[in-house]
Amino acid sequence: RAVGLRLMDGRIKRADAVILAGDSRSAVFDLLDEQGEDERLTDQFDKLRLHAPVVCVAIGVNRSMSDFPASVSGTNFPLAEPKVIDGRKRDRIVVRASSGSADRSANDPPKTVLFVLLDASYDEWVEREGDEQADQEAQRDLTRDVVEALEQRFPELSDYVEMTDVVTPPMWRRRTGSWNGSIRGWLLTPETLRLRIPRRIRGLDGVVLAGQWTEPGGGVSRAAVSGRYAAELVCRDQGKRFNTQFP
């Protein structure tokens, strides 16, 4: 039975229940040192399809983009001239824009950060990391190609670029623990549409799994729903009635 967590500095935090919101692979192989291996969970990593890992290019520009359509999921627009970016031919590109207006005074010039997410190969970026120079060159080439593609929609954009940053699939993996750098977990397919992923680890009481890896399709909303299910299971384990309130 899980009774808490042992932190990296040796301290122990005891708890009545432990909710694991990372992917089940990390839970079983990293946190539990393979002692809680459950084939119902680990087999998924051999059988189910992942959302493709992505590389993120952030571009800070010294200009207002107030005419840019507001969208949570980003604006998807076609490229008049398809372009090879990160080794793949792209004929469309998705862009999200974030204005810094809330963080500046009225006298500061308007600035915007553009975010571009592109499907990428986890293995290729891992291999590049073995050669720091090659990795840096690949990131520079990627940034240049993305800016050139965006100029088809925003002419002369490169004249306003002040900063750029790149997050590769291995970086997602290191910073978030998400397996293979997949930022949305399992791909939603006809196979996974009705799939019920176990929220328990067989043979280990006191643990409930939550997060997007328990909800095919991933994303914030599905992760939030998983938290509700986790709370319900904890209440059940402790003999408490599960009540909800809506604002």
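These numbers come from the heavy atoms of this one structure, side chains and all, not from hydrogens, waters or symmetry mates. Throughout, numbering of the chain's residues begins at 1 and tracks the sequence.
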Check whether any side-chain N or O of [X] sits under 3.5 Å from a backbone N or O of [Y] as a donor-acceptor pair, and report yes or no.
X: Asn180; Y: Ser182; answer: no
X: Trp186; Y: Trp213; answer: yes
X: Ser226; Y: Gly211; answer: yes

For [X], is the [atom1] atom crowded, meaning more than 12 foreign heavy atoms sit under 6.0 Å from it?
X: Arg49; atom1: CZ; value: no
X: Asn76; atom1: CG; value: yes
X: Arg6; atom1: CZ; value: no
X: Glu81; atom1: CD; value: no

Where [X] and [Y] come nearest, the two heavy atoms and their spacing:
X: Lys111; Y: Glu162; value: NZ-OE1, 3.1 Å
X: Gln212; Y: Ala223; value: N-CB, 4.0 Å
X: Thr192; Y: Thr189; value: OG1-N, 2.8 Å
X: Gly217; Y: Leu188; value: CA-CB, 4.0 Å
X: Cys235; Y: Arg241; value: SG-O, 4.4 Å
X: Gln44; Y: Pro198; value: NE2-CD, 3.8 Å

Answer with yes or no whether the hydrophobic clustering places [X] together with [Y]; edges join I, L, V, M, F, W, Y residues whose side-chain heavy atoms lie under 4.5 Å apart.
X: Ile19; Y: Tyr229; value: no
X: Val57; Y: Leu157; value: yes
X: Trp179; Y: Val167; value: no
X: Val3; Y: Val207; value: no
X: Val147; Y: Phe77; value: yes

Hey, does [Y] have a side-chain heavy atom less than 4.5 Å from the side chain of [X]?
X: Arg92; Y: Leu79; value: no
X: Ile93; Y: Arg153; value: no
X: Arg14; Y: Ile12; value: yes
X: Arg228; Y: Phe242; value: yes
X: Val166; Y: Val55; value: yes
X: Asp119; Y: Val54; value: yes
X: Ile201; Y: Leu209; value: yes

Rounded to the nearest 0.5 Å, how far apart are [atom1] of [X] and [atom2] of [Y]?
X: Glu137; Y: Gln133; atom1: CD; atom2: CD; result: 4.5 Å
X: Asn62; Y: Asp159; atom1: CG; atom2: CG; result: 11.5 Å
X: Arg63; Y: Phe154; atom1: CZ; atom2: CZ; result: 7.5 Å
X: Arg184; Y: Leu50; atom1: CZ; atom2: CG; result: 13.0 Å
X: Ile85; Y: Asp141; atom1: CD1; atom2: CG; result: 11.5 Å
X: Phe115; Y: Cys56; atom1: CZ; atom2: SG; result: 6.5 Å

Carboxylate-amine/guanidinium proximity below 4.0 Å for [X] and [Y]:
X: Arg199; Y: Glu215; result: yes
X: Asp23; Y: Arg25; result: no
X: Glu129; Y: Arg174; result: yes
X: Arg202; Y: Glu39; result: yes

For Pro216, which of Ile197, Leu48, Leu187 qualifies under side-chain contact (heavy atoms from CB on, under 4.5 Å)?
Ile197
Hey, are Gln136 and Glu132 close enough side-chain-wise for a donor-acceptor pair under 3.5 Å?
no
Checking side-chain polar atoms at under 3.5 Å, does Glu151 have a donor or acceptor matched by the opposite partner on Ser158?
yes
Can you check side chain to side chain contact (heavy atoms under 4.5 Å, CB included) on Val161 and Val61, steps first, answer last?
CA-CA 4 Å; Val161 173; Val61 294; 4.1 Å; yes
Evaluate the side chain to side chain contact (heavy atoms under 4.5 Å, CB included) criterion for residues Leu118 and Val146: first the C-alpha distance (whole Å), next the side-chain angles of each, then the deciding distance (0.1 Å), finally the verdict.
CA-CA 10 Å; Leu118 301 168; Val146 167; 4.0 Å; yes
Just do the side chain to side chain contact (heavy atoms under 4.5 Å, CB included) check on Leu117 and Arg96 with the steps written out, would you?
CA-CA 9 Å; Leu117 295 179; Arg96 296 170 177 81; 3.5 Å; yes
Mind listing the side-chain donor-acceptor pairs of residues 120-127 below 3.5 Å, one per line with the distance, residues two or more places apart or on another chain?
from, atom 1, to, atom 2, distance (Å)
Ser121, OG, Glu124, N, 3.1
Trp125, NE1, Asp86, OD2, 3.2

Thr168 vs Leu142, side chain to side chain contact (heavy atoms under 4.5 Å, CB included): CA-CA, chis, key distance, verdict
CA-CA 11 Å; Thr168 67; Leu142 171 65; over 6 Å; no
